[in-house]
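Notes follow once the structure below has been shown.
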Amino acid sequence: MKKTIGYVLLVLSFVPWGLIAVLPFLELSKTEIAGATTILIVTAEVTFVAAIALLGKEAWAHIKARFKAKK
């Protein structure tokens with residue numbers, strides 16, 4: 001159950017980044033866009049860290065290896 005929640009949180013941590021891309025097309029002031037962007041970035045990071053905490057060291061090592069391989 002813990003791993004399932006971890007994977008769900010990992011996927012959900014990418015949703016705020018997509019929402020940030022949509023913000024300029026909404027009828028919001030620059031101040032509202034800046035505030036929403038800040039909240040979405042913090043939300044994405046907290047969700048990602050929570051997912052890694054639930055998935056464990058093996059998942060973190062796998063993610064790091066994927067990014068190191070692309071360099």
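Note that the numbering runs from 1 along the sequence shown for the chain.
Here CH2 of Trp60 is found 13.0 Å from NZ of Lys57. Values are rounded to the nearest 0.5 Å. Here the straight-line distance linking atom OG1 of Thr47 with atom CG of Leu40 works out to 10.0 Å at 0.5 Å rounding. Atom CG of Leu54 and atom CE of Met1 lie 10.5 Å apart (nearest 0.5 Å). Summarising the geometry, atom NZ belonging to Lys2 is positioned 12.0 Å from atom OH belonging to Tyr7; distances are rounded to the nearest 0.5 Å.
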Worksheet item: Can Ile63 and Ile52 be said to form a side chain to side chain contact (heavy atoms under 4.5 Å, CB included), step by step?
Response: CA-CA 10 Å; Ile63 290 170; Ile52 295 302; 3.5 Å; yes
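For Ser29, the side-chain contact (heavy atoms from CB on, under 4.5 Å) partners are Thr31, Glu32, not counting sequence neighbours.
Both Ile20 and Leu28 belong to a single network of hydrophobic side chains, linked directly or stepwise wherever heavy atoms of I, L, V, M, F, W or Y lie under 4.5 Å apart. Under a hydrophobic-cluster definition in which Ile, Leu, Val, Met, Phe, Trp and Tyr are linked whenever side-chain heavy atoms come within less than 4.5 Å, directly or via other members, Val22 and Val42 are assigned to different clusters. No single ILVMFWY cluster, assembled from side-chain heavy atoms under 4.5 Å apart, contains both Val15 and Val11. No continuous path of ILVMFWY side-chain contacts below 4.5 Å connects Phe25 to Leu19, so the two sit in separate hydrophobic clusters. Residues Leu10 and Phe67 are members of one and the same hydrophobic cluster, defined by side-chain heavy-atom contacts under 4.5 angstrom among Ile, Leu, Val, Met, Phe, Trp and Tyr.
Nearest heavy atoms, Leu23 versus Ala36: CD1-CB, 3.9 Å. The two atoms that bring Ala44 and Trp17 nearest to each other are CB-NE1, 3.4 Å, heavy atoms only. Annotation for Leu55 and Ala59: closest pair CB-CB, 3.5 Å, computed over non-hydrogen atoms. Ile33 and Pro24 make their closest contact through CD1-CA, 4.2 Å (heavy atoms, listed as atom of the first residue, atom of the second, distance). Residue Pro16 comes nearest to Thr43 through the heavy atom pair CG-CG2, 4.4 Å, listed as atom of the first residue, atom of the second, then distance.
Taking 4.5 Å as the limit, every side-chain heavy atom of His62 sits out of range of all side-chain heavy atoms of Glu58.
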